[in-house]
Asker: 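Take a look at the following structure, please.
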Number of protein chains: 2
Amino acid sequence: MKVADAEGVDALTMRRIAEMLGFTTMSLYRHVPGKSELLDLMVDAAWGETEHTPKGPWRDGLEFFARQMWAMYRAHPWMLQLTTSRRMPGPQAMTRLDAAFAVVSELGLAPEEIVAVVTAVSHFVDGVGRTMADRVKAERETGVSDEEWWSTTDSLWEHFTPDRLPMMTHIWNTGGFERPLDEFEFGLARVLDGLVAFVEAEERPAVRRSTCL
Amino acid sequence: MKVADAEGVDALTMRRIAEMLGFTTMSLYRHVPGKSELLDLMVDAAWGETEHTPKGPWRDGLEFFARQMWAMYRAHPWMLQLTTSRRMPGPQAMTRLDAAFAVVSELGLAPEEIVAVVTAVSHFVDGVGRTMADRVKAERETGVSDEEWWSTTDSLWEHFTPDRLPMMTHIWNTGGFERPLDEFEFGLARVLDGLVAFVEAEERPAVRRSTCL
DNA sequence: TAGTGCCGTGTACAACGTACACCTGGTGTA
DNA sequence: TACACCAGGTGTACGTTGTACACGGCACTA
């Protein structure tokens with residue numbers, strides 16, 4: 001995890017891990033069936049580092065849960081480039097999920113609704129996390145972050161801006177991209193507002209059941 | 001893209017592409033600098049397949065935008081396992097984004113707010129898409145989907161359910177996992193509700209500017 | 001004392017992206 | 001007509017990856 005945090009998950013090879021531990025590469029396979037299982041363990045270990053969501057007002061609890069996830073993703077961006085090869089969350093992630101369920105359990109929601117509420121929050125955090133992780137990776141790989149990047153952007157800009165992207169040019173010219181709102185803060189507040197509206201509605205809107213897959 | 005859709009992005013090797021086109025592997029490098037640029041092109045081509053977001057009531061427009069993204073991700077789940085090596089969206093994605101900006105542009109929002117609103121929706125769709133993509137990948141790789149999977153799940157369940165996961169067991173026992181709500185439909189409605197609340201508020205809540213990175 | 005696992009080692013292989021040197025046929029210019 | 005040029009296709013080769021497989025030593029038990 002130390003390597004993945006610092007140099008990205010691509011730098012995390014079995015040989016590298018072994019070298020760092022002072023053993024040979026193949027010795028690792030005495031303790032772990034393969035690399036993907038090892039990555040699964042890393043992911044669950046990261047979940048284990050987060051704090052347990054406390055009981056309390058449900059909106060605060062959900063917000064806490066989201067912020068913990070966000071902190072986790074910021075500390076370990078590699079989590080978002082991994083496909084969770086197993087289909088179920090690991091035990092640590094399960095524990096955290098359970099606590100999040102508990103927070104919304106006193107609202108009299110149907111069980112599917114409890115799941116849906118927590119899932120909606122997770123999906124949002126996953127989404128922000130992903131673009132954050134991509135940004136981190138791109139910065140590490142290309143080295144430079146601002147000086148070179150924005151200059152090339154400028155030239156690109158002139159290339160296809162004219163009238164094919166009217167709104168973008170307008171936003172660009174009025175500085176909307178220069179001082180953006182915090183994507184996580186803004187989105188989280190909206191998602192939670194939307195959930196409040198759902199929970200407080202006298203008759204809750206029906207939602208389609210999941211089609212298979 | 002045909003290969004990636006059907007067999008996953010891991011099956012998409014340069015040799016495979018060349019073979020499919022009837023040329024040798026290295027001939028591809030006459031047309032594309034490297035694989036990652038080719039993947040960038042694929043991603044942007046997928047954006048090009050979606051329909052242009054029409055003008056109209058802003059909530060409908062945003063919903064349309066989200067549904068188009070969702071359809072795109074369902075058709076091309078591999079898009080979500082790729083790290084967009086370049087930092088800017090391609091021209092097709094740009095065009096779609098521009099149309100989405102246009103939809104919310106008549107609300108008198110500040111430019112940063114326009115960006116934030118569209119970004120929030122995208123992040124949510126990204127998040128749902130990601131877990132969907134993982135599920136698709138897992139099903140392809142492990143072959144079986146239900147019969148074997150749920151049986152192993154059952155045994156796992158007995159293992160650590162007792163009292164460490166009270167809410168999960170409760171939800172499990174009351175069938176909350178068996179007939180889940182559609183994650184996309186549910187979440188999208190909440191996110192849009194939250195955005196409506198934001199837009200209609202007399203004084204819009206301040207949001208922290210993005211801290212760098 | 002012989003047997004039985006656990007744990008670490010070393011070599012080897014297939015698959016990947018791609019660098020590099022080479023060939024080849026069509027086109028533009030003298 | 002001659003010739004240079006070069007976009008586009010070919011073939012071989014290299015380094016890196018995950019990991020299969022055969023092997024060696026150690027501790028412990030019957």
Asker: I'd like to check the side-chain contact (heavy atoms from CB on, under 4.5 Å) partners of A99(A); sequence neighbours left out, ordered by chain and number.
Answerer: H52(A), T53(A)
Asker: So which pairs with a foot in residues 15-44 of chain B pass salt bridge (Lys or Arg N to Asp or Glu O under 4.0 Å), sequence neighbours left out?
Answerer: E7(B)-R16(B), D40(B)-R86(B)
Asker: For residues 15-44 of chain A, which residue pairs qualify under ring-ring contact (aromatic ring centres under 6.0 Å, His included), counting only residues two or more places apart or in two chains?
Answerer: none
Asker: With sequence neighbours excluded, tell me which residues meet ring pair (Phe, Tyr, Trp, His ring centres under 6.0 Å) with F198(A).
Answerer: F186(B)
Asker: With distance as the sole test, does E113(B) use its side chain to make a donor-acceptor pair with the main-chain N or O of A110(B) at under 3.5 Å?
Answerer: yes
Asker: Give the B/S/- string for nucleotides 13-22 of chain D, one per nucleotide from 5' to 3', where a protein heavy atom under 4.0 Å of the base yields B, of only the sugar-phosphate yields S, and otherwise -.
Answerer: ----BBBBB-
Asker: Let's test your reading of the pairing rules: Watson-Crick or G-U wobble, both distances under 3.5 Å, then write DNA chain C as a dot-bracket string with ( ), [ ], | and dots.
Answerer: ||||||||||||||||||||||||||||||
Asker: Give every residue pair that meets the ring-ring contact (aromatic ring centres under 6.0 Å, His included) criterion with at least one member in residues 75-97 of chain B, sequence neighbours excluded.
Answerer: H76(B)-W78(B)
Asker: What residues, two or more places apart in sequence or in another chain, satisfy salt bridge (Lys or Arg N to Asp or Glu O under 4.0 Å) together with R96(B)?
Answerer: none
Asker: State which residues pass salt bridge (Lys or Arg N to Asp or Glu O under 4.0 Å) with D10(B); sequence neighbours excluded, sorted by chain then number.
Answerer: K137(B)
Asker: Reading DNA chain C from 5' to 3', where do the contacts with chain B start and stop? Cut-off is 4.0 Å to heavy atoms.
Answerer: dC16(C) to dC22(C)
Asker: By the side chain to side chain donor-acceptor pair (under 3.5 Å) test, which pairs, at least two apart or in different chains, include something from residues 121-131 of chain B?
Answerer: H123(A)-T131(B), T131(A)-H123(B), E183(A)-H123(B), Y73(B)-D126(B)
Asker: By side-chain contact (heavy atoms from CB on, under 4.5 Å), which residues pair with S36(B), not counting sequence neighbours?
Answerer: S85(B)
Asker: Any side-chain N or O of H31(B) below 4.0 angstrom from OP1/OP2 of dG9(D)?
Answerer: yes
